[in-house]
Number of protein chains: 2
Amino acid sequence: MPRTIAEAQTPGRRRRSEGKKTAILDAAEALFLTEGYDRTSVDAVAARAGVSKRTVYDHFGDKETVFLRVVERVGESLLATVRAAVDEELTSGRDLGTALTAFAHRIVDRTFPSPDYLTFRRLQAQQSPAGKQPVTVRDRPEQLLEERFAGLAAEGAIHAENPAVAARHFTALTITLALQAALDQREDLPPRDSARIIADGVAAFLRAYA
Amino acid sequence: MPRTIAEAQTPGRRRRSEGKKTAILDAAEALFLTEGYDRTSVDAVAARAGVSKRTVYDHFGDKETVFLRVVERVGESLLATVRAAVDEELTSGRDLGTALTAFAHRIVDRTFPSPDYLTFRRLQAQQSPAGKQPVTVRDRPEQLLEERFAGLAAEGAIHAENPAVAARHFTALTITLALQAALDQREDLPPRDSARIIADGVAAFLRAYA
DNA sequence: CAGAAATCACACTGTTCGGTGTAGTTTATC
DNA sequence: GATAAACTACACCGAACAGTGTGATTTCTG
């Protein structure tokens with residue numbers, strides 16, 4: 001079992017502890033995602049993380065906090081993904097269709113095998129004890145996109161009185177549809193692949209807004 | 001407590017039994033929706049239905065079957081709603097924008113206080129013991145719309161090489177966005193009302209496809 | 001080496017909940 | 001008015017599970 005260079009030198013009580021912590025969060029994320037909150041026992045999380053149940057409780061206090069931390073982590077990851085994609089793909093002076101297509105692809109499938117967006121949505125849909133809601137990053141990614149679209153509108157790249165609406169329309173036509181298709185994936189239907197969906201969506205968007 | 005005429009005369013053992021059955025399904029639907037599958041106990045369903053727990057088991061055998069029946073019922077209701085809306089609103093010879101707007105509204109808010117579409121999606125997202133999947137109506141409503149759009153394309157009312165894609169785009173731009181907004185509804189953000197969303201969506205759709 | 005942090009194994013509690021068994025009660029029907 | 005279906009009240013079982021307490025063990029650090 002190789003370690004990263006940073007961990008190799010002086011594992012240190014602190015570093016080891018931190019490692020277990022993320023191992024627990026990783027395990028919890030996977031299980032919450034596939035089994036749901038209720039059907040995921042803390043014992044199962046501990047087992048998957050290769051850790052004793054006691055350690056889980058020492059670190060997080062209770063199950064709900066574990067869930068909260070997982071959602072926070074995924075939310076931050078998603079935000080970083082979107083920010084990078086906006087900054088690097090939606091640059092001025094590039095062909096709009098190409099840029100939009102590349103952007104959508106990055107959000108939808110580039111982040112595999114852990115597509116942040118999908119994971120985040122699924123976890124959000126999860127019902128944890130409705131108690132303390134994860135003061136969520138919610139809407140933050142969307143907001144980033146809206147701002148960029150405002151820029152594009154100012155440049156005249158797209159025509160929209162309301163750039164925020166245009167941004168939501170773009171997301172709906174590409175990312176949402178692609179992820180919806182991925183979610184529905186059952187063995188019976190032919191898999192509508194994301195490339196096709198994104199291409200169609202970008203084309204429609206350009207017809208409406210270019 | 002007034003009764004319908006049909007029930008008033010000779011309630012009948014059979015009719016009473018059927019009444020309890022739907023009362024159980026009603027209670028279950030409400031609870032599954034607000035609490036989720038796992039957090040809904042059979043005792044709670046029975047209490048809300050004004051029925052003994054034993055009766056629930058006599059009628060349905062187990063909790064999962066209750067869930068299955070609920071999903072089936074909602075799915076059928078949704079299908080009926082969409083079929084009626086397609087037939088009555090998306091008629092030929094009507095102004096396209098008006099027709100599409102009316103159609104979307106019917107799906108989104110006309111069916112209140114039990115918006116079939118929303119309910120159905122939420123229940124589908126629910127994780128019941130992944131066992132027997134509700135051989136769902138899934139995709140049926142979408143299919144109806146696709147067929148009608150094919151007709152519209154043939155008439156020349158919309159321009160689309162692939163009417164099925166156009167149908168999905170329409171749904172994404174109007175219904176999906178409106179329901180998403182309804183779902184997110186938290187007290188903090190200003191409620192983006194569905195009328196605005198639908199109007200924007202129809203406008204964008206027409207720009208892309210009219 | 002001594003002390004402390006991190007962790008583990010493990011036993012244990014309390015509760016919730018799905019599901020069953022049963023005996024009794026109401027009520028439509030013949 | 002006897003019969004049987006529909007239903008209720010209620011006690012009960014067993015399993016799963018969140019969370020705790022404890023004492024031992026490893027492992028870094030001063």
Side-chain angles (χ1 to χ4, degrees), chain A residues 1 3 6-28 31-32 35-70 126-132, chain B residues 1 3 6-28 31-32 35-70 126-132:
Chain A
M1 294 207 173
R3 300 185 177 198
E7 281 171 336
Q9 53 186 4
T10 342
R13 281 195 299 246
R14 214 44 169 299
R15 276 218 154 66
R16 302 245 313 193
S17 184
E18 218 52 37
K20 303 233 166 187
K21 217 161 169 173
T22 69
I24 292 168
L25 290 179
D26 289 344
L31 290 173
F32 285 150
E35 308 298 321
Y37 180 85
D38 290 290
R39 260 184 280 285
T40 298
S41 71
V42 176
D43 285 283
V45 171
R48 175 158 187 152
V51 145
S52 80
K53 172 157 78 155
R54 207 63 187 73
T55 300
V56 175
Y57 280 100
D58 286 343
H59 274 307
F60 296 98
D62 61 13
K63 186 182 174 183
E64 196 180 344
T65 301
V66 175
F67 182 76
L68 267 283
R69 291 281 134 19
V70 167
Q126 210 66 236
Q127 276 140 324
S128 90
K132 20 180 174 169
Chain B
M1 294 207 174
R3 300 185 177 198
E7 280 171 335
Q9 52 185 6
T10 343
R13 281 196 300 246
R14 214 44 169 299
R15 277 219 155 66
R16 300 246 315 193
S17 183
E18 218 52 37
K20 303 233 166 188
K21 217 161 168 173
T22 68
I24 292 168
L25 291 179
D26 289 344
L31 290 172
F32 285 150
E35 307 298 321
Y37 180 85
D38 290 291
R39 259 184 280 288
T40 298
S41 71
V42 177
D43 286 283
V45 172
R48 177 159 186 150
V51 146
S52 80
K53 173 157 78 154
R54 207 62 185 75
T55 299
V56 175
Y57 281 100
D58 285 343
H59 274 307
F60 297 98
D62 60 14
K63 185 183 176 183
E64 196 180 343
T65 301
V66 175
F67 182 77
L68 267 284
R69 290 282 136 15
V70 167
Q126 210 65 235
Q127 277 139 325
S128 91
K132 22 180 174 169

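Note on naming: letters A, B, ... go to the chains in the order of the sequence lines (proteins, then strands), and numbering restarts at 1 for each one. Keep in mind that the numbers below use all heavy atoms, side chains included, and drop hydrogens, waters and symmetry copies. Note that this is a predicted model, so its numbers are computed, not measured.
- At dC7(D), one or more side-chain N or O atoms of H59(B) fall inside 4.0 Å of OP1 or OP2 (strictly under the cut-off).
- Residue T55(B) places none of its side-chain N or O atoms closer than 4.0 Å to OP1 or OP2 of dC7(D).
- Ring geometry for F32(B) against Y37(B) counts as parallel: the plane angle stays under 30°, on a 0 to 90° scale with 60° as the upper cut.
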Requested in this report: Encode nucleotides 10-23 of chain C as B, S and - characters from 5' to 3', where the letter depends on protein heavy atoms closer than 4.0 Å: B to the base, S only to sugar-phosphate, - to neither.
Outcome: --------BBBBB-
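- Rounding to whole angstrom units, CG of residue D58(B) and P of dA9(D) are separated by 13 Å.
- In terms of heavy-atom proximity, R39(A) sits nearest to D38(B) at NH1-OD1, 2.8 Å.
- Using a 4.0 Å cut-off, some side-chain N or O of S52(A) falls inside it from OP1 or OP2 of dC8(C).
- Atom NZ in K20(B) sits roughly 13 Å away from atom P in dT26(C) (whole-Å rounding).
- Evaluation of the side-chain contact (heavy atoms from CB on, under 4.5 Å) rule for S41(A) yields D43(A), A44(A) as partners, not counting sequence neighbours.
- Here the closest heavy-atom approach between residue A27(B) and residue V45(B) is recorded as CB-O, 3.7 Å.
- Atoms CZ (F60(B)) and C1' (dA6(D)) sit 14 Å apart, rounded to a whole Å.
- Between dA6(C) and K21(A), no contact under 4.0 Å exists linking OP1 or OP2 to a side-chain N or O.
- Side chain of T40(B) to backbone of L31(B): a donor-acceptor contact under 3.5 angstrom is found.
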Going by atom type alone, with no hydrogens or angles, which donor-acceptor pairs under 3.5 Å involve a side-chain atom of residues 49-57 of chain A and a protein atom two or more places apart or on another chain?
residue : atom : partner : partner atom : Å
S52(A)  : OG   : R54(A)  : N            : 3.4
S52(A)  : OG   : T55(A)  : N            : 3.3
S52(A)  : OG   : T55(A)  : OG1          : 3.1
R54(A)  : NH1  : D58(A)  : OD1          : 3.0

